[in-house]
Protein chains: 2
Amino acid sequence: MNVAESRPERPATIADVAKLAGVSTATVSYVLNGRHLGRIPDETRTKVRSAARKLGYVAQSSARSLSRGRTDLVLVHLGDGGMLRDRPVAIELARLGADLRRAGYGCMLDGDPSLRGVPAARAWAALRPAAVVADAACFTGASVELLHGSGVVAVGMGRAASPFVPTVLLDDSSLGRAAAEHLVERGCGDLVALMPRVPGLRPPAEARFRGAQEVAAARGARIRPVTMGLYPADAAGIARAWAGGDGRPDGVFGFDDRHAGMLLGALTDAGLRVPGDLALVGAEDEPLCELLRPRLTSVGVARLPAGIAGPVLAAVEHRWDPNHATLSWPAHLRRRDT
Amino acid sequence: MNVAESRPERPATIADVAKLAGVSTATVSYVLNGRHLGRIPDETRTKVRSAARKLGYVAQSSARSLSRGRTDLVLVHLGDGGMLRDRPVAIELARLGADLRRAGYGCMLDGDPSLRGVPAARAWAALRPAAVVADAACFTGASVELLHGSGVVAVGMGRAASPFVPTVLLDDSSLGRAAAEHLVERGCGDLVALMPRVPGLRPPAEARFRGAQEVAAARGARIRPVTMGLYPADAAGIARAWAGGDGRPDGVFGFDDRHAGMLLGALTDAGLRVPGDLALVGAEDEPLCELLRPRLTSVGVARLPAGIAGPVLAAVEHRWDPNHATLSWPAHLRRRDT
DNA sequence: CTGAAAGCGCTTACAG
DNA sequence: CTGAAAGCGCTTACAG
């Protein structure tokens with residue numbers, strides 16, 4: 001028996017199962033959904049289950065949601081890769097899928113990251129998901145109104161609250177705090193925090209800077225932001241200036257490992273020694289840190305103690321509480337050479 | 001008027017639109033779906049469209065697919081991150097979403113990467129998508145049978161064909177060819193190709209090795225595989241042996257930039273000079289290459305000339321052709337220091 | 001304990 | 001040119 005022969009003409013329906021089991025479709029539905037189990041004898045349940053198995057029956061979710069009047073689907077939109085490039089966020093997103101499934105919801109990611117605004121909202125609304133979760137910056141007044149009009153809950157996610165939707169606030173100021181703590185501990189008193197040029201990375205950068213600033217203020221150190229794009233020329237410019245003694249700090253927090261790593265190369269090229277002339281700390285503790293020479297000291301992030309599924313479900317079930325909507329990443333220093 | 005006030009009790013249905021426009025639901029459906037447009041006067045069409053706009057009407061896709069008997073949804077499953085870590089693949093996946101939308105299909109990614117086997121197939125089958133696209137290794141005989149039983153087309157994707165489903169074959173042997181070409185050109189005659197330890201990376205590694213082997217054979221050079229896990233200790237062991245003169249090649253193809261980069265650090269630590277003592281080429285041309293000192297020469301990949309949407313749509317529309325299912329990445333050398 | 005039947009919101013031959 | 005109606009595959013009060 002090959003696959004072609006075993007394939008039925010059309011997928012089995014609940015009526016097929018009912019006929020084969022010799023019961024009504026209502027009974028099939030009850031058994032398969034675990035309702036009224038007390039009232040249905042074991043024998044009937046067994047008959048129904050084995051008929052369903054024999055036919056390879058899988059209930060069609062579109063018919064189910066049409067009759068139930070709701071779906072158990074949560075839609076996640078990643079936007080143009082900004083969020084996936086943000087590694088701690090990407091990890092939490094994968095966790096969200098599993099957590100939602102455990103809570104009885106399905107989770108799908110929009111497969112077209114380029115879709116935005118009202119057209120995006122229309123595509124999502126057509127599916128009538130329980131909720132749409134997206135980068136807080138993705139929502140506009142019009143798109144949210146369209147979603148609400150279709151009975152869809154909209155939830156934002158990001159570093160800054162959206163004026164249009166409840167937002168799960170992701171706080172990584174702890175990375176800045178841990179970095180500054182380490183640098184001050186080492187004896188640095190004149191710090192620089194690198195700030196990326198890509199607009200998408202400004203929000204996390206500002207949060208991390210704020211954290212570092214807090215610690216610096218408390219410990220009597222100075223700290224200032226220096227903008228550096230992820231281009232060799234940009235890094236080289238900064239390194240040359242510092243090598244010439246122009247505004248050279250004694251400790252640098254590199255925003256993330258890529259920015260820190262790029263600066264590290266440029267500092268080496270410019271003849272500065274790390275950590276002899278100045279100390280350098282990255283963030284996110286990527287594998288990259290082990291590849292560089294000297295190896296890059298970095299602030300690692302652990303998983304959030306509680307995932308983002310909590311606030312998302314709260315929004316879906318209309319018990320949103322802004323006090324439980326800020327999630328802070330635990331940070332710890334991973335000391336290497338720099 | 002705030003959002004709460006403007007939100008209707010329940011989402012508008014096609015009946016609401018019909019009533020407001022003073023026509024039947026059939027007419028609304030025709031106008032909104034662009035059918036029989038020749039037969040429907042402009043005036044009616046305008047009435048219908050403005051009623052729909054006024055009510056914020058978005059057709060519910062579950063009702064539509066129930067009555068049409070099919071969905072226009074393609075489901076993509078990423079598996080446990082293996083595929084997303086494979087950068088060229090991740091890029092093509094984003095492109096797939098946009099291409100499918102242009103062809104009139106929606107595209108969703110499964111939000112729970114940990115789901116596998118028959119349970120995964122059940123979850124997908126419930127949605128009755130036109131097709132499920134997943135890593136070829138994800139499909140088992142049982143899961144494919146279940147999908148087919150529900151009328152769902154299954155399409156694999158990967159470096160090796162699945163015995164159960166038509167597979168879009170991704171070929172990156174061109175990376176190995178470009179790397180070997182470069183090394184031989186430089187005068188190397190005794191090559192090593194690094195092979196990763198992670199099982200998920202074996203298939204691309206073998207394809208790249210095959211490509212390098214072809215060129216080596218044609219140009220009279222020797223080449224052998226050397227397995228190296230992405231751990232500092234592993235790389236250090238290899239570097240020490242080579243520094244002691246034990247089996248040191250004159251050219252190394254590093255599989256990808258991470259493996260090449262890790263070896264580069266270890267070679268430096270062991271006192272070997274790159275490219276003085278041996279040349280080194282990475283692959284994928286990641287930003288990382290610019291961070292290392294010396295900077296890493298790498299083979300870059302361009303986008304596929306034609307995306308994976310083509311074969312996927314062919315499978316959906318039952319015109320699958322194995323001769324058009326192998327996609328090869330264009331490769332070009334990006335020369336830097338090593 | 002079980003079944004007949006209404007209803008969810010669409011689409012689409014079909015009749016007029 | 002337009003509408004009444006059947007039908008898609010489920011769920012669920014309701015009656016027996």
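Letters A, B, ... mirror the listed sequences (proteins, then strands); counts begin at 1.
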Taking the nucleotide of DNA chain D with the nearest heavy atom to each, does B:R128 or B:T44 sit closer to the 5' end? B:T44
Strictly below 4.0 Å, heavy-atom distances to any atom of DNA chain C: list the hits from residues 57-75 of chain A, or just say none. A:L66, A:S67
Does any part of the side chain of B:I14, heavy atoms only, come nearer than 4.5 Å to the side chain of B:S29, both counted from C-beta? yes
Less than 4.5 Å apart, side chain to side chain, heavy atoms only: is that true for A:L127 and A:T71? no
When the distance from CD1 of B:I14 to C1' of C:dC8 is rounded to whole Å, what number comes out? 14 Å
Can you tell me the distance, in whole Å, between the CG atom of A:L32 and the C1' atom of D:dT11? 12 Å
Show me the pairs that pass side chain to side chain donor-acceptor pair (under 3.5 Å) and involve residues 119-128 of chain B, at least two apart or across chains. B:D110-B:W124
What would the secondary structure line of DNA chain C be in dot-bracket form, counting Watson-Crick and G-U wobble pairs under 3.5 Å, with [ ] for pairs that cross earlier ones and | for pairs with another strand? |||.||||||||.|||
Going by an N to O cut-off under 4.0 Å, is there a salt bridge joining A:R70 and A:D72? yes
Within this structure, what is the OH-to-C1' distance between A:Y30 and D:dG9, rounded to whole angstrom? 16 Å
Under the criterion side-chain contact (heavy atoms from CB on, under 4.5 Å), which of B:L96, B:L93, B:V165 is the partner of B:M157? B:L93
Taking all non-hydrogen atoms of both residues, which atom of A:A21 and which atom of A:V48 are closest, and how far apart? CB-CA, 4.0 Å
In this structure, CG of A:L304 is separated from CZ of A:R95 (nearest 0.5 Å) by 6.0 Å
Crowding at NE2, A:H36 (>12 non-hydrogen neighbours, <6.0 Å): yes
Can you tell me the distance, in whole Å, between the CG atom of A:L55 and the C1' atom of D:dG9? 15 Å
Closest non-hydrogen atom pair between B:R49 and B:V31, with its separation: NH2-O, 3.9 Å
Heavy atoms under 4.0 Å, any strand shown: does B:S29 hit a base, just sugar-phosphate, or nothing? base
Round to the nearest Å and state the distance from B:D16 atom CG to C:dG9 atom C1'. 11 Å
May I have the distance from A:H36 (atom NE2) to D:dT12 (atom C1'), rounded to whole angstrom? 7 Å
What is the distance from CZ of A:R35 to C1' of D:dC14, rounded to the nearest Å? 17 Å
Can you identify which nucleotide, out of C:dG3, C:dC1, D:dT2, has its nearest atom closest to the B:T27 side chain? D:dT2
Can you check whether A:S24 has a side-chain N or O nearer than 4.0 Å to OP1 or OP2 of C:dA4? no
